[in-house]
Peer 1: 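Before I ask anything, let me first share the structure, which is written out below as structure tokens.
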Amino acid sequence: MRLWPAAISFLFLCHSGNVYGQWKYLASKAQYIAGTYTDLGTSGVAIISNFAGGAMTFDNANSSVQNIGFNFYYNGSAFSQFVLNSNGFIKLGNTAPATNNFDVLSSADINTIAPFNYDLRAGTLTPEYRVFTSGSPGSRICTIQFENLRDVATSQYNNINFQVKLYETSNMIEFVYGSFTANGAAAFKEMIVGIKGSDSTYSVNATKSSADPWNTTTFINGVYPAPNTK
């Protein structure tokens, strides 16, 4: 993927059926939407501690266990917590993923939600991770924000901003992308944008050519079929 404009969203919707059952997400239900990115500001709480109890860092780090604020049903289970990984994804539940996980699809980690899974570090502005649950019971939204990060190895962005939104009851997942500040270095890169259940067979992923505009983004069930299409 080459360029992310401000204010776009990807929606991953459950198909109809018992949410307690098996994998319920399909590429045919995913959507690309132009919208508005709203920074959390000081809403919610900053994620400042890591899984081991020390200070959260911005390079190959897992957060402490965070509360969603409601039961989110995913891959046949109810989850009330998650662990954030600094490399652009979260893992549902209270167990930590591999700290240096740059490819959640090929890893052993399960129940992962990856809005921008790549080797990421702190950007040139103040970086932060934050979580905020809003709304009334039955229609609450948990927003998990990754703020002011940058890609490594020929970095082409100084600051990257994006969010994951988990929706109560509907169990919808939304990825929202804010401003990506370029630093002038163009470089083709591949990263994972999608959701995964028990293994990569049970996954839905966004895909497009680096040369195509973002409104051409499509979604696939399962792993990416070939390089240069993520």
Peer 1: Listing request: all salt bridge (Lys or Arg N to Asp or Glu O under 4.0 Å) pairs with a residue in residues 154-167, at least two apart in sequence or in separate chains.
Peer 2: none

Peer 1: Hydrophobic cluster mates of Phe51, side-chain heavy atoms under 4.5 angstrom, ILVMFWY only, any path?
Peer 2: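 Members alongside Phe51: Val65, Val83.
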
Peer 1: Determine the minimum heavy-atom distance between Val176 and Thr36, stating which atoms define it.
Peer 2: CG1-O, 4.2 Å

Peer 1: Applying side-chain hydrogen bond (donor to acceptor under 3.5 Å, both in side chains), can you list everything that pairs with Asn50, at least two apart in sequence or on another chain?
Peer 2: none

Peer 1: Could you pull out all residues at least two apart from Asp39 that satisfy salt bridge (Lys or Arg N to Asp or Glu O under 4.0 Å)?
Peer 2: none

Peer 1: Under the rule for salt bridge (Lys or Arg N to Asp or Glu O under 4.0 Å), what residues qualify as partners of Asp109, not counting sequence neighbours?
Peer 2: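 Applying salt bridge (Lys or Arg N to Asp or Glu O under 4.0 Å) to Asp109 gives Lys91.
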
Peer 1: Using salt bridge (Lys or Arg N to Asp or Glu O under 4.0 Å) as the criterion, list what pairs up with Glu174, not counting sequence neighbours.
Peer 2: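 Glu174 satisfies salt bridge (Lys or Arg N to Asp or Glu O under 4.0 Å) with no other residue.
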
Peer 1: Verify the neighbour count for atom OH of Tyr118: are there more than 12 heavy atoms of other residues, nucleotides or ligands below 6.0 Å?
Peer 2: yes

Peer 1: Hey, does Leu11 have a side-chain heavy atom less than 4.5 Å from the side chain of Tyr32?
Peer 2: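 Side-chain contact under 4.5 Å: no.
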
Peer 1: Can you tell me how far the CG atom of Asn62 sits from the CG atom of Asn101, to the nearest 0.5 Å?
Peer 2: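 With rounding to 0.5 Å, CG (Asn62) is 9.0 Å from CG (Asn101).
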
Peer 1: Is it true that Val45 and Tyr129 fall in one hydrophobic cluster, defined by side-chain heavy atoms closer than 4.5 Å?
Peer 2: yes

Peer 1: For the ring pair Phe219 and Phe10, is the centre-to-centre distance below 6.0 Å?
Peer 2: yes

Peer 1: Would you say Leu125 has more than 12 foreign heavy atoms packed within less than 6.0 Å of its CG?
Peer 2: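 Yes, the 6.0 Å shell around CG holds more than 12 heavy atoms from other groups.
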
Peer 1: To the nearest 0.5 angstrom, please state how far the CZ atom of Phe12 sits from the CG atom of Leu166.
Peer 2: 12.0 Å

Peer 1: Could you tell me which residues satisfy side-chain hydrogen bond (donor to acceptor under 3.5 Å, both in side chains) with Asp59, sequence neighbours excluded, listed by chain and number?
Peer 2: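 Result, side-chain hydrogen bond (donor to acceptor under 3.5 Å, both in side chains) vs Asp59: Arg121.
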
Peer 1: Would you mind listing every ring-ring contact (aromatic ring centres under 6.0 Å, His included) that reaches into residues 75-115, with sequence neighbours excluded?
Peer 2: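 Qualifying pairs, neighbours excluded: none.
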
Peer 1: What is the distance from atom CG of Asp119 to atom CG of Asp103, rounded to the nearest 0.5 Å?
Peer 2: 12.0 Å

Peer 1: Can you sort out the partners of Ser49 under side-chain hydrogen bond (donor to acceptor under 3.5 Å, both in side chains), two or more places apart, ordered by chain and number?
Peer 2: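 Partners of Ser49 by the side-chain hydrogen bond (donor to acceptor under 3.5 Å, both in side chains) criterion, ordered by chain and then number, come out as Ser64.
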
Peer 1: Going by the rule salt bridge (Lys or Arg N to Asp or Glu O under 4.0 Å), which residues pair with Glu168 if we only count those two or more places apart in sequence or in a different chain?
Peer 2: Arg140

Peer 1: Looking at CD of Gln156 and CG of Asp151, how far apart are the two atoms once the value is rounded to the nearest 0.5 Å?
Peer 2: 5.5 Å

Peer 1: With no hydrogens and no angle check, do the side chains of Ser80 and Asn67 hold a donor and an acceptor under 3.5 Å apart?
Peer 2: no

Peer 1: Please identify each residue that fulfils ring-ring contact (aromatic ring centres under 6.0 Å, His included) with Phe72, with sequence neighbours left out.
Peer 2: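 Phe72 satisfies ring-ring contact (aromatic ring centres under 6.0 Å, His included) with no residue once adjacent residues are dropped.
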
Peer 1: Going by side-chain contact (heavy atoms from CB on, under 4.5 Å), Tyr177 matches just one of Asn161, Ile160, Val193. Which one?
Peer 2: Val193

Peer 1: Are Asn60 and Asn87 linked by a side-chain donor-acceptor pair shorter than 3.5 Å?
Peer 2: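 Result is yes, a qualifying pair exists.
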
Peer 1: List, by chain and number, the other hydrophobic cluster members for Phe132, where Ile, Leu, Val, Met, Phe, Trp and Tyr join if side-chain heavy atoms come within less than 4.5 Å, directly or indirectly.
Peer 2: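 ILVMFWY cluster around Phe132 also holds Leu40.
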
